[in-house]
Amino acid sequence: NAGVTQTPKFQVLKTGQSMTLQCAQDMNHEYMSWYRQDPGMGLRLIHYSVGAGITDQGEVPNGYNVSRSTTEDFPLRLLSAAPSQTSVYFCASSYHRQGLLWVAFFGQGTRLTVV
Amino acid sequence: GNSVTQMEGPVTLSEEAFLTINCTYTATGYPSLFWYVQYPGEGLQLLLKATKADDKGSNKGFEATYRKETTSFHLEKGSVQVSDSAVYFCAPTRISGYALNFGKGTSLLVTP
């Protein structure tokens, strides 16, 4: 059972470089989301998606773009990396059924350093 | 919207000590309540959950009761182990919500 797979696990970027963090899930979940985790700040929501073709901003969306062309994939793009984007990034997928529970499954995280 | 307040860590306990991690929330309507745990170097994983008032979630010896009157969902364990060392996140969410709102997390260190 693969669950939620994030790649890469580690990445170092120079300021101004671009890159895409990949996230894939094999559970056919409708909802996917990206969080960043910083010391003392907990997890903050960057962007989320409620289905293929539908995305929306979370708490800290600036500097990040997302798209959701398929149910399985939800890549996060940094167009011009900045040191303030140094963080650990987590992708999550979730299911929601009427009257039932909302549970999120997380990837292992991507540790990004921008120098 | 939802917001959540967790007790600040780090919390350091000796093995077999009693654990309480406080969590209170503000929410519109009646959210579902979750505790997630993050072991070192890993992503978050669901620890336990409760979906309505007075529900008690339990897993791996941990318990939390959904207290509507105090808007709280405190996490407890009667006897912690070294393997419980991790960061614990409280997360209330509306049934109609799209993503989780997490507390800042409480780091727990259990020493032998």
Side-chain angles (χ1 to χ4, degrees), chain A residues 1-7 9-10 21 23 25 29-51 54-61 66 68 74 88-111, chain B residues 1-10 21 23-25 27 29-52 55-59 64 66 73 86-108:
Chain A
N1 294 331
V4 179
T5 303
Q6 284 185 241
T7 55
K9 287 187 168 50
F10 301 94
L21 308 186
C23 176
Q25 53 99 1
H29 288 170
E30 308 133 292
Y31 302 100
M32 297 185 74
S33 48
W34 276 101
Y35 296 85
R36 59 177 290 174
Q37 185 176 28
D38 303 292
M41 302 294 291
L43 273 82
R44 292 182 290 170
L45 181 64
I46 305 171
H47 286 284
Y48 64 93
S49 169
V50 301
I54 306 170
T55 64
D56 207 345
Q57 296 180 351
E59 181 185 358
V60 287
V66 292
R68 184 97 179 269
F74 190 44
V88 181
Y89 292 85
F90 288 99
C91 177
S93 76
S94 315
Y95 65 83
H96 174 216
R97 299 191 190 97
Q98 187 70 26
L100 293 179
L101 300 172
W102 179 276
V103 179
F105 295 82
F106 283 80
Q108 295 290 303
T110 296
R111 184 174 295 275
Chain B
N2 297 342
S3 67
V4 55
T5 301
Q6 277 183 244
M7 64 185 288
E8 299 239 350
I21 299 178
C23 171
T24 57
Y25 64 90
Y30 299 110
S32 295
L33 299 172
F34 301 84
W35 277 99
Y36 283 78
V37 59
Q38 183 181 30
Y39 298 104
E42 299 185 10
L44 279 70
Q45 57 185 274
L46 180 68
L47 179 60
L48 54 82
K49 56 192 181 293
T51 58
K52 60 182 185 294
D55 255 5
K56 177 184 283 187
S58 61
N59 186 27
Y66 188 150
F73 194 50
V87 181
Y88 294 82
F89 291 90
C90 182
T93 188
R94 298 188 305 277
I95 285 293
S96 60
Y98 300 130
L100 294 168
N101 296 302
F102 289 96
K104 291 189 176 181
T106 302
S107 176
L108 171 66

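Convention: sequence-line order gives letters A, B, ...; per-chain numbering from 1.
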Practice problem: Below 4.5 Å from any heavy atom of chain B, which atoms of A:Phe90 appear? Answer side chain, backbone, both or neither. | Solution: side chain

Practice problem: Name the region of A:Glu59, side chain, backbone, both or neither, that has any atom closer than 4.5 Å to a heavy atom of chain B. | Solution: neither

Practice problem: List in chain and number order the residues that pass salt bridge (Lys or Arg N to Asp or Glu O under 4.0 Å) with A:Arg68, two or more places apart in sequence or in another chain; answer none if no residue qualifies. | Solution: none

Quiz item: Top residue by heavy-atom pair count (under 4.5 Å) with chain A, among B:Gln38, B:Lys52, B:Gln45?
Solution: B:Gln38

Self-check item: Within 6.0 Å of CZ in A:Arg44, more than 12 heavy atoms from elsewhere
Solution: yes

Exercise. Please identify each residue that fulfils ring-ring contact (aromatic ring centres under 6.0 Å, His included) with B:Tyr88, with sequence neighbours left out.
Key: B:Phe62

Quiz item: Counting distance only, does the side-chain N/O of A:Tyr35 pair as donor-acceptor with the main-chain N or O of B:Phe102 below 3.5 Å?
Solution: no

Quiz item: Checking heavy atoms, do the side chain of B:Glu8, its backbone, both or neither come under 4.5 Å from chain A?
Solution: neither

